Amino acid sequence: GSVHLARELLFSLAMEHVTLKPLLYDEHALEPHIGRETVALHYGKHHAGYVQKLNELIAGKPEETVGLEQMIRRSEGAIFDNAAQIWNHDFYWQSMHPDGGGAPEGELKEAIIGIFGGFERLRRDFLDAGTAHFGSGWLWLVSHRDSLRITATPDADLPLRYGDTAILCVDLWEHAYYLDYQNDRARYLEAFVDHLANWEFARANWKVAQAQWSNAATSTPLLRQASR
């Protein structure tokens with residue numbers, strides 16, 4: 001009856017596999033900086049491929065019942081690689097906006113001035129770090145304790161493993177930019193910062209990170225001293 005069907009539905013929702021989150025904009029929305037073909041391939045093949053592979057890997061295993069972040073913290077090998085790549089891509093798509101780019105405003109702007117001396121210094125350091133990174137990986141602006149930091153991680157690695165909070169990220173794998181920029185990663189990174197960076201998303205992440213740090217420091221007074 002209906003009660004039995006409802007129970008089956010609740011069970012299926014509880015056991016739901018990892019899913020491919022929808023993009024928040026059309027595939028062509030990032031043009032001319034990132035083309036429709038790049039987004040279609042990147043999102044529809046690479047990102048979707050990680051989702052499909054992870055679901056195959058965790059089928060019938062304990063990981064099937066936990067969230068993505070918990071899976072990342074607990075796992076290693078192929079399960080970690082695919083889970084982390086899904087998380088990274090989810091964050092990457094949100095790190096861009098068709099009307100993005102330029103400098104941020106508000107509290108994040110003030111933090112950048114206080115930590116880097118200004119947006120132009122942050123921009124230069126961000127571009128330098130991404131261009132210098134060897135091979136595949138990810139470029140991040142992260143909240144480290146009560147400060148901001150630029151970091152690059154290899155392959156599928158991500159700040160979550162090290163206790164940092166991601167603020168903004170760029171995919172450094174060649175499939176993210178090769179169709180539009182060939183091997184000119186520097187030009188791709190400039191396009192990201194100048195035309196695509198979603199600073200509203202970054203501001204929201206910075207606000208959350210600051211609240212978390214404030215709560216942690218309040219509950220553990222020695223924590224703030226230890227960070228210095």
Side-chain angles (χ1 to χ4, degrees), residues 23-25 29-35 37-39 41-43 46-47 50 72 81 84-104 108-109 111-145 147-206 209:
L23 291 176
L24 301 179
Y25 37 79
L30 304 181
E31 292 180 334
H33 312 293
I34 296 181
E37 189 178 358
T38 293
V39 175
L41 177 67
H42 194 175
Y43 174 74
H46 291 277
H47 190 177
Y50 293 125
I72 289 168
D81 288 338
Q85 283 292 74
I86 294 166
W87 196 99
N88 292 347
H89 279 88
D90 286 343
F91 199 86
Y92 171 64
W93 298 122
Q94 294 180 82
S95 290
M96 295 184 289
H97 190 278
D99 298 319
L108 182 57
K109 175 183 178 180
I112 289 171
I113 292 172
I115 296 164
F116 293 93
F119 177 74
E120 285 305 313
R121 176 61 183 269
L122 167 70
R123 180 185 184 278
R124 187 180 72 213
D125 290 354
F126 195 76
L127 296 177
D128 287 349
T131 304
H133 180 77
F134 181 78
S136 301
W138 297 84
L139 177 64
W140 307 87
L141 179 65
V142 303
S143 170
H144 177 75
R145 298 184 185 272
S147 187
L148 286 167
R149 171 183 292 183
I150 296 167
T151 185
T153 55
D155 301 325
D157 206 7
L158 70 171
L160 180 63
R161 298 182 79 190
Y162 309 103
D164 292 339
T165 300
I167 304 299
L168 202 72
C169 86
V170 188
D171 191 342
L172 298 180
W173 289 64
E174 279 197 340
H175 61 245
Y177 59 89
Y178 202 85
L179 290 179
D180 300 304
Y181 300 97
Q182 284 74 54
N183 63 339
D184 194 347
R185 181 189 284 175
R187 200 155 60 92
Y188 157 67
L189 292 173
E190 288 174 358
F192 174 91
V193 175
D194 296 340
H195 302 288
L196 298 174
N198 186 352
W199 290 114
E200 288 302 311
F201 176 64
R203 285 175 61 188
N205 292 326
W206 173 244

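Just so you know, residue 1 is the first one in the sequence shown, and it goes up from there. Everything numeric here is computed off the predicted structure, so don't read it as measured data.
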In plain terms, say whether Arg203 and Glu200 are close enough for a salt bridge, that is, a side-chain N and a carboxylate O under 4.0 Å apart. yes
Show your working on side chain to side chain contact (heavy atoms under 4.5 Å, CB included) between Leu189 and Tyr181 and close with a plain yes or no. CA-CA 10 Å; Leu189 292 173; Tyr181 300 97; over 6 Å; no
Could you tell me whether the side chain of Trp138 and the main chain of Asp155 form a donor-acceptor pair under 3.5 Å? yes
Heavy-atom closest pair, residues His133 and Ala152: ND1-CB, 3.6 Å
Please round to the nearest 0.5 Å and tell me the distance separating atom CH2 of Trp199 and atom CH2 of Trp206. 12.0 Å
Those residues that, when tested against Phe116, pass ring-ring contact (aromatic ring centres under 6.0 Å, His included) (two or more places apart): none
Quiz question: by atom type and distance under 3.5 Å, do the side chains of His33 and Asp180 form a donor-acceptor pair? no
Kindly say whether Tyr50 contributes a backbone atom to a donor-acceptor pair with the side chain of His47 at under 3.5 angstrom? no
Would you please name every residue forming a salt bridge (charged side-chain N to carboxylate O under 4.0 Å, His left out) with Asp125, sequence neighbours left out? Arg121
Taking Asn198 for its side chain and Gly100 for its backbone only, find out whether a donor-acceptor pair lies under 3.5 Å. no
Just how far is it from atom CG of Leu172 to atom NE2 of His175, taken to the nearest 0.5 Å? 10.5 Å
Going by heavy atoms in the side chains, are Tyr177 and Asp184 under 4.5 Å from each other? no
In terms of heavy-atom contacts, Leu158 and Ala84 come closest through CD2-CB, 3.9 Å
Going from CG on Leu108 to CZ on Phe201, what distance comes out if it is rounded to the nearest 0.5 angstrom? 12.0 Å
Minimum side-chain heavy-atom gap Leu160-Phe91 below 4.5 Å: no
Provide the closest heavy-atom pair for Ala29 versus Pro98 in the form atom of the first, atom of the second, distance. O-CB, 3.5 Å
Under the 3.5 angstrom rule, does the side chain of Asn88 hit a backbone N or O of Asp171 as a donor-acceptor pair? no
Using the side chain to side chain contact (heavy atoms under 4.5 Å, CB included) definition, which of the options Ile167, Leu122, Val142 pairs with Leu148? Ile167
With heavy-atom distances below 4.5 Å as the criterion, would you say the side chains of Arg123 and Glu190 are in contact? yes
Can you find a heavy atom in the side chain of His97 that is under 4.5 Å from one in the side chain of Leu24? no
Please find the pair of heavy atoms, one from Gly102 and one from Phe119, that lie closest to each other, and give the distance. O-CZ, 3.1 Å
Taking the side chain as C-beta and beyond, is there a heavy-atom pair between Cys169 and Leu139 under 4.5 Å? no
Within 6.0 Å of CD in Gln182, more than 12 heavy atoms from elsewhere: yes
Are the side chain of Thr131 and the backbone of Ala186 linked by a donor-acceptor contact shorter than 3.5 Å? no
d(Gln94 CD, Leu23 CG) to nearest 0.5 Å is 10.0 Å
Which pair of heavy atoms, one from Tyr92 and one from Ala176, lies closest together, and at what distance? OH-CB, 4.3 Å
Check whether His89 reaches the backbone of Gln85 with its side chain - one donor and one acceptor, N or O, closer than 3.5 Å. yes
Flag, side chain of Tyr25 to backbone of Trp93, donor-acceptor distance under 3.5 Å: yes
Do you know which two heavy atoms are closest between Leu168 and Ala197, and how far apart they sit? CD2-CB, 4.0 Å
His46 and Trp173: side chain donor to acceptor below 3.5 Å: no
Nearest 0.5 Å please: distance from the CE atom of Met96 over to the CD1 atom of Ile34. 4.5 Å
If a pair satisfies side-chain hydrogen bond (donor to acceptor under 3.5 Å, both in side chains) and one of its residues is in residues 156-168, list it, with sequence neighbours excluded. His144-Asp164, Asp157-Arg161, Asp157-Tyr162
